[in-house]
Amino acid sequence: MEKVIPDVEEITIEGFKEAFKRIIELKERCGITAILNNPPDLFERAKSYGTRFRNGSWGWASNIWHRSAAGSVVVERDEDLLPEYKLLMLRVLEHILAQGPLIQVDGILGKPGTKAEMRCRLYCDPQFPDIAYRWSQICFPGDPESEPDVELFCIPHYLGNPFIPGTNVMLRVLRFPHHNYSIVTCSSYQGEVKKGFLSHWIYHVYKRGGTGEHASLKEFTLKTVDGRKRKIVMCVWGLTGTGKSTHGLYVFDKENIHLYVKRFGINPLDYVHDQKIKNDDIVAIFKDRVIGSERGSWTKTEGIDKTQVAIWRAANSPRALHENTEFGPDGNPSFKGELFQYFGMLNRNARSVFFLQDTGYFNGDVASSGPLNVAVFLSPGYFSDYAWVKINDIAFAAKVLADGRTIGHPAQSKEVAGLIRFVSRYCLPFTMGVKPTAHVVRFYEFLKEREESGDPMEVYQLNTTGRIGAKYRWVKKTVEGEELEVPEPIFELTPDGVRKPVGGTAPTIEETELFLLQAMRGAVEYKPHPIWGEKVLVPVKVEGISKKRLRELDPFTYRSIDEMRRLLKAQIRLSKIYLNKQCPGLPDFIYNAMDF
């Protein structure tokens with residue numbers, strides 16, 4: 001019998017795909033089924049080990065309950081293909097040769113027929129049909145007869161995976177942006193396949209003149225304070241667990257307006273109509289419009305309730321496909337996070353694949369009707385952040401995006417939960433092919449063109465999962481080889497080990513939604529930031545929110561001006577250290593935009 005797998009030292013990036021083809025050809029010549037080409041019975045196969053909830057929906061459990069970002073490596077050239085990477089590639093080929101027929105699923109990311117369209121092909125281990133089926137329900141249907149733009153090999157088994165050289169982290173995922181494929185191993189978490197393809201799509205979008213962003217997309221029409229109708233095309237950026245889905249999929253509806261009438265004396269439906277959800281996760285931003293990546297959504301459902309109308313409806317649909325989602329006393333999916341646990345902590349990353357149609361606010365089109373005109377960055381913090389600010393300087397806005405400052409959540413990894421992080425563009429693990437810098441500069445160019453046209457984009461920064469006025473202490477740390485004195489929040493641990501910051505306050509979902517509504521209507525009065533001046537505007541009057549509450553959401557209520565200067569200087573210095581590594585070559589006018 002011929003040898004179809006090369007010796008480990010002979011493996012190359014392109015050679016892996018050639019060896020895969022030889023394996024398929026050999027099996028077929030010998031009368032062995034090598035590929036199950038888009039089989040129609042994937043759902044039935046997956047049901048044999050799934051959980052059927054009483055409402056008719058189904059759920060599955062993964063072996064790892066978050067992405068393996070630390071175990072993922074991007075390889076652009078054969079010269080960068082280390083022996084450990086070759087070993088994992090060899091083990092994948094050996095497994096494919098010995099394993100039964102791989103499941104092939106063809107799909108499309110990006111609205112079909114647009115410049116964002118990317119043809120995808122998944123090859124999945126046959127022991128995990130739920131992964132293949134759930135992904136098929138997120139993407140647009142593909143054509144098995146068409147050549148794919150990108151391929152992904154998903155082998156969730158442990159294959160004797162080596163460690164990434166110089167670390168104690170197991171190598172699980174290999175991505176090859178310039179050779180148009182990725183390999184996922186050792187994890188049955190749905191996010192590895194979804195984000196694996198989307199990482200390629202972000203690069204695909206860049207090559208077509210856009211920028212791929214980790215943001216949601218929705219549209220609606222507002223009645224402004226002067227009685228005009230204003231069409232809003234809004235994207236909400238944020239890392240997993242910071243409220244991107246909460247606010248990106250938020251709609252005003254009869255199920256939640258009573259909260260606004262009671263708390264604020266305002267009925268948002270007096271001002272908002274024609275609400276349309278377009279996308280939950282990754283979008284392509286072009287000059288003329290925004291295009292969503294998927295027809296479905298894979299959304300974190302931890303803690304949702306009926307007031308988050310769109311997510312609640314879709315997640316409770318009998319068509320929803322759940323992952324690591326617990327059941328309640330009635331046998332239906334429960335999103336309370338009080339039963340399932342992961343490493344001794346109550347689960348905080350329940351997920352659901354659902355159809356956007358089931359939100360009740362989807363018109364079948366994932367593309368916007370016009371260009372982006374409102375950008376919302378979720379950059380939660382503990383020390384110097386207001387609840388909400390308006391960014392009034394485009395270089396400053398680009399710096400906010402470049403920084404990707406956030407607070408860690410267990411959905412990112414259990415180790416970073418509660419910690420302050422800088423994750424460039426809120427998208428660092430999914431950016432490849434070009435550096436994050438290229439996307440930031442292109443987005444800045446979009447902002448500049450809009451500003452020069454006399455129709456500037458509105459930009460807001462929100463503190464969602466952070467605190468205003470949290471307690472902290474100064475500590476000395478070495479960051480990327482540089483010794484710094486930085487603020488560190490004081491935490492207390494909940495009974496199940498979750499870090500919770502001590503002190504301070506945070507805006508509610510409804511307060512934040514009301515602020516955004518009133519800001520876009522023109523019903524907010526601002527003053528210049530006490531330190532950054534006109535670059536950043538802070539609210540002093542928000543129709544419906546008391547002055548007392550605005551004072552509570554103002555960090556200067558808790559800190560002196562000198563203390564705030566010190567905190568901001570530490571934040572800026574820390575951000576630049578991470579930018580040097582994550583976003584190299586950023587133009588000085590963006591890199592230094594926050595300096596004072």
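Between K194 and E294, at least one side-chain nitrogen of the basic residue sits less than 4.0 Å from a carboxylate oxygen of the acidic one, meeting the salt-bridge criterion. Ion pairing of D385 with R405 is present here, as a side-chain N (NZ or NE/NH1/NH2) and a carboxylate O approach within less than 4.0 Å. The pair K111-D365 meets the salt-bridge criterion, since a charged nitrogen lies less than 4.0 angstrom from a carboxylate oxygen. Residues E213 and R425 are paired through a salt bridge, judged by an N-O separation under 4.0 Å between the basic side chain and the carboxylate.
The backbone N or O of I282 sits less than 3.5 Å from a side-chain atom of S293, completing a donor-acceptor pair. Using modelled atom types, one side-chain atom of E326 and one backbone atom of L339 make a donor-acceptor pair closer than 3.5 Å. In this structure, D106 contributes its side chain and G142 its backbone to no donor-acceptor pair below 3.5 Å. Within the 3.5 Å criterion, the main-chain N or O of L122 finds no donor-acceptor partner in the side chain of Q104. A distance-only check finds no donor-acceptor pair linking the side chain of K306 to the backbone of E255 [under 3.5 Å]. Looking only at distances, no side-chain donor or acceptor of D143 sits under 3.5 Å from a matching main-chain atom of G107. The backbone N or O of E323 sits nowhere less than 3.5 Å from a side-chain atom of R134 that would complete a donor-acceptor pair. Between the side chain of N63 and the backbone N or O of C186 there is at least one donor-acceptor pair closer than 3.5 Å. Looking at N279, its side chain never comes within 3.5 Å of a backbone N or O of S216 through a donor-acceptor pair. Under the 3.5 Å distance criterion, the side-chain polar atoms of K278 are matched with a main-chain donor or acceptor of A367.
Using cut-offs of 30° and 60° on the angle between ring planes, the pair F340 and W65 is tilted. Ring-plane geometry between F153 and Y123 is classed as parallel, the angle between the planes falling under 30 degrees on a 0 to 90 degree scale with a further cut at 60. Ring-plane geometry between Y133 and F43 is classed as parallel, the angle between the planes falling under 30 degrees on a 0 to 90 degree scale with a further cut at 60. Ring geometry, Y250 versus F252: the interplanar angle exceeds 60°, so the pair is classed perpendicular (tilted spans 30 to 60°).
Side-chain contact, E513 with H247: a donor N or O sits under 3.5 Å from an acceptor N or O.
Residues K300 and N349 meet the side-chain proximity criterion, which asks for heavy atoms closer than 4.5 Å. The side-chain heavy atoms of D253 and Y361, taken from C-beta on, include a pair separated by under 4.5 Å. Side chains of N332 and F327 form no contact here, defined as non-hydrogen atoms less than 4.5 Å apart. Side-chain contact between D358 and R319: present, with at least one pair of heavy atoms (C-beta onward) separated by less than 4.5 Å. Residues T299 and F354 have side chains in contact (heavy-atom distance under 4.5 Å, counting atoms from C-beta outward). Proximity of C154 to E192: side-chain heavy atoms (C-beta onward) are nowhere separated by under 4.5 Å. Annotation: side chain of Q461 is not in contact with side chain of W388 (no heavy-atom distance under 4.5 Å). Looking at heavy atoms from C-beta onward, L514 lies in side-chain contact with Q518 at the 4.5 angstrom threshold.
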*Applying ring-ring contact (aromatic ring centres under 6.0 Å, His included), run through H204 and F197 and close with a yes or a no.*
CA-CA 10 Å; H204 172 88; F197 276 121; over 10 Å; no
- Q127 and Q99: side-chain hydrogen bond (donor to acceptor under 3.5 Å, both in side chains), yes or no, with the steps? CA-CA 10 Å; Q127 291 177 252; Q99 178 63 294; 2.9 Å; yes
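Of the candidates H200, H439, H214, H214 is the only one forming a ring pair (Phe, Tyr, Trp, His ring centres under 6.0 Å) with F430.
For an aromatic pair to be called close, the ring centres must be under 6.0 Å apart, and W237 with F377 satisfies this. Between W298 and Y189, the gap from one ring centroid to the other is short of 6.0 Å.
Atom CG of L378 is separated from atom OG1 of T512 by 9.0 Å, given to the nearest 0.5 angstrom.
Residue K231 qualifies as enclosed at atom NZ: its count of foreign heavy atoms under 6.0 Å is above 12.
Of all non-hydrogen atoms in I545 and E511, the two that sit nearest each other are CD1-O, 4.0 Å. The shortest non-hydrogen separation linking P129 to Y49 is CD-OH, 3.0 Å.
Both cation-pi conditions hold for K115 and F286: the charged atom is under 6.0 angstrom from the six-membered ring centre and inside a 45 degree cone around its axis.
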